[in-house]
Amino acid sequence: MELLVNLIGNAGEMIKNTNLNNQNIKIIKIDEKDLAKPKKIIKLLKSGDYSNVYFGTIDLRFLRFEFFMKLYMLLSFHWNGAIIDEKGNKINFSLIKFLLIDIPKIIVEVIASVWQIIFHHLKVFIILWKYKKK
Amino acid sequence: MEIQEKINILFWRTGFYGALTVGGFGTLYQSITNEFLKRNHKVHFASGGLMDLHPDVDFHLIEYSKLLRNFPEVLNFPYNQKSSKEILKLINKHNIDLLYLQHHDFHYGLDLLKKKTNIPLILQIDSIEQWVKQNWGGKLYFKNMINWCEEIEVQSADAILVISETVKNQLTELYDVDQNKIFISPSGVDTDKFNPSIKGEDIRAKYGLIGTDYVIGYSGLFNLYHGIDTLVKSIPAIVNEIKNVKFLLIGDGQLRPEIDDFVEKHHLEHLVTITGLVPYKDVPQHLAACDILVSPFNSSANTTFFNSPIKTFEYMAMGKPIVTTNIGELKSICIDSENSVVMDEGSFDSLAQSILRLKQNDELRTKISKNARDFVVKNFSWSNKYNLIMEVYNNLKHKK
């Protein structure tokens with residue numbers, strides 16, 4: 001039995017368009033915000049002795065939290081897992097890519113995020129101060 | 001007869017909704033852009049995500065950063081600069097006469113536009129963002145920032161359209177804002193698209209609902225304030241009262257896992273059909289498939305219910321009997337035994353009894369259905385919103 005963790009969208013379309021076996025897949029709907037609860041997600045992925053797991057969404061172009069989905073696949077030992085969408089697009093988990101691309105990318109993202117937070121806090125504070133001065 | 005000037009209007013939808021195109025915001029934009037198209041205005045639309053709009057709308061996708069997608073809220077910050085610059089280009093390229101922006105958290109892009117362009121800037125505010133973050137799930141990050149951005153937007157806008165008196169009051173309490181630039185503009189409904197002559201037989205057949213089934217329907221996102229959890233938890237009580245009852249739940253959302261769990265634990269699968277998200281064009285047929293429609297809104301976090309719910313107006317326009325709460329803004333809309341049956345907020349028993357009351361009283365069903373339809377046609381069609389936008393635009397144009 002495989003597991004499709006449906007974040008948002010039509011699970012039937014995801015299964016059909018990525019050629020998954022409709023008879024051999026359990027669908028569980030979660031909210032995107034649940035991805036911030038690692039214990040809950042890892043417990044879910046490990047719970048049913050699933051042969052494989054997928055995260056499903058409407059369109060991969062607008063995907064958020066990709067790193068964390070891959071991290072949960074890694075930690076639950078579902079190294080053949082994938083993120084899929086309604087159009088049949090797929091991002092397969094790859095341990096090599098995770099180590100060599102995703103981890104360095106998340107480090108860059110952390111640095112860029114800290115910069116964005118500081119820069120925009122200052123900018124917004126100054127804009128608002130100017131409005132109030134008027 | 002006054003000849004209405006044809007304008008170039010640019011709608012700007014910020015916020016990261018990803019590929020989600022349905023829900024209240026989708027309905028609002030489809031409907032209001034259609035109102036402008038119907039009157040031969042040129043409609044442009046810029047958005048951070050996909051939209052399901054009429055093909056005549058000139059659509060522009062302004063995508064969010066691909067890099068900053070793994071941490072909450074951060075992706076909104078650089079989007080301000082990027083999207084504002086793109087909007088400015090569109091304004092100049094298409095000679096835009098009016099910009100209409102729906103406010104979203106961490107957005108302060110109107111400030112840049114205010115400095116660079118002289119066209120009227122209308123801001124629509126449906127809710128106070130800090131409140132939404134704190135009370136409708138998720139966590140509130142960057143509390144100061146969310147308020148600062150909101151205040152900048154409020155100060156930069158030439159006019160602000162709010163969906164209810166309650167939102168106006170909240171806005172006034174929080175920010176030093178000129179009262180003369182705030183206008184109350186509730187949601188509406190397309191009363192041609194949603195009407196009592198629509199048939200629901202095909203939808204009933206699709207979901208295996210037979211003629212003798214008494215179908216209780218709900219349509220909308222499965223989010224906290226919609227009260228979908230109240231409806232689902234009432235099902236055992238309703239089933240005790242009505243033997244041939246079935247439930248058609250049209251939508252999806254945050255509470256779906258909880259709803260699925262409840263249905264499974266109480267072995268209600270044979271009674272409950274959850275359709276998932278359906279295209280907006282198919283919603284009227286789904287509503288037509290139901291015998292009674294339910295909107296058990298609740299005022300979460302002890303705050304006055306401030307919304308102007310499109311769902312209620314769509315139910316009313318379908319000429320279906322409705323069971324609803326009448327909290328907050330709904331007090332002036334839903335009148336018990338006149339255009340709806342009003343239930344107690346959050347009460348499973350009250351919801352079950354209200355449905356039973358309606359099922360047993362043919363006269364009441366007919367009366368409230370007719371009154372509800374007449375009421376929305378008169379008071380809550382989208383053309384009312386269109387008229388207000390144009391009135392505000394004309395006033396601002398003369399001032400500028």
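Chain letters run A, B, ... following the sequence lines, proteins first, then strands; residues in each count from 1. Owing to the predicted nature of the structure, the values given are computational and were not obtained by experimental measurement. All values below come from the heavy atoms of this structure, side chains included, with hydrogens, waters and symmetry mates left out.
Shown here for A:Leu128 and B:Trp148, the closest heavy-atom pair between the two residues is CD2-CD1, 3.5 Å. In terms of heavy atoms, B:Asp252 sits closest to A:Lys29 at OD1-CE, 3.0 Å. Of all heavy-atom pairs spanning B:Lys66 and A:Arg61, the tightest one is NZ-O, 4.1 Å. Of all non-hydrogen atoms in A:Ile30 and B:Pro257, the two that sit nearest each other are CA-CG, 3.7 Å. Here the closest non-hydrogen pair linking A:Val124 and B:Met145 is CG2-CE, 3.6 Å.
Applying the side chain to side chain donor-acceptor pair (under 3.5 Å) test to every pair with at least one member in residues 91-100 of chain A, sequence neighbours left out, gives no pairs at all.
Atom CG of A:Asn24 has more than 12 heavy atoms from other residues, nucleotides or ligands within 6.0 Å. Annotation for B:Asp176: atom CG does not count as buried by contact number, only 12 or fewer foreign heavy atoms lying within 6.0 Å. Within a 6.0 Å sphere centred on NZ of A:Lys90, other residues, nucleotides and ligands contribute more than 12 heavy atoms. At most 12 heavy atoms of other shown residues, nucleotides or ligands fall within 6.0 angstrom of atom CG in B:Asp202. Sparse packing is recorded around CD of B:Glu264, with 12 or fewer heavy atoms of other residues, nucleotides or ligands lying under 6.0 Å away.
Neither the backbone nor the side chain of B:Glu258 has a heavy atom closer than 4.5 Å to any heavy atom of chain A. Neither the backbone nor the side chain of A:Leu35 comes within contact range of chain B; no heavy atoms are under 4.5 Å apart. When heavy atoms are compared at a cutoff of 4.5 Å, A:Phe119 does not approach chain B at all. Only the side chain of B:Leu61 comes within less than 4.5 Å of a heavy atom of chain A; its backbone N, CA, C and O stay farther away. There is no contact between B:Leu255 and chain A, counting heavy-atom distances below 4.5 Å. For a residue to count as touching a neighbouring chain, one of its non-hydrogen atoms must lie under 4.5 Å from one of that chain's; by this rule A:Lys132 touches chain B with the side chain only. Residue contact with chain A, scored on non-hydrogen atoms closer than 4.5 Å, involves the backbone and the side chain of B:Ser156 alike.
Of the inter-residue distances, the one linking B:Asn144 atom CG with A:His121 atom NE2 reads 6.5 Å to the nearest 0.5 angstrom. Remark: A:Ile28 CD1 to B:Arg256 CZ distance equals 12.0 Å, nearest 0.5 Å. Taking NZ from A:Lys105 and CG from B:Leu67, the interatomic distance works out to 7.5 Å, rounded to the nearest 0.5 Å. The structure places CG of A:Asp59 at 6.0 Å from CG of B:Leu50, a figure rounded to the nearest 0.5 Å. Expressed to the nearest 0.5 Å, how far NZ of A:Lys123 lies from CD of B:Gln81 amounts to 3.5 Å. Note that CG of B:Leu68 and CZ of A:Arg64 are 12.0 Å apart. Values are rounded to the nearest 0.5 Å.
Residues of residues 102-115 of chain B lying within less than 4.5 angstrom of chain A, judged on heavy atoms, are B:Tyr108, B:Asp111, B:Lys114 in numerical order.
A donor-acceptor pair is defined here as one N or O able to donate and one able to accept, closer than 3.5 Å; no such pair exists between the side chain of B:Gln155 and the backbone of A:Tyr131. Side chain of A:Gln116 to main chain of B:Leu75: no donor-acceptor pair is present (N/O by atom type, distance under 3.5 Å, no hydrogens or angles).
Between A:Trp115 and B:Val74, the closest side-chain pair of non-hydrogen atoms is not below 4.5 Å.
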(message) side chain to side chain contact (heavy atoms under 4.5 Å, CB included), that's the test. Do B:Phe16 and A:Phe62 meet it? Break it down for me.
(response) CA-CA 9 Å; B:Phe16 191 88; A:Phe62 299 98; 4.2 Å; yes
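Of the residues considered (B:Pro72, B:Gly49, B:Gly276, B:Pro78), B:Pro78 shows the highest number of contacts with chain A, using heavy-atom pairs under 4.5 Å.
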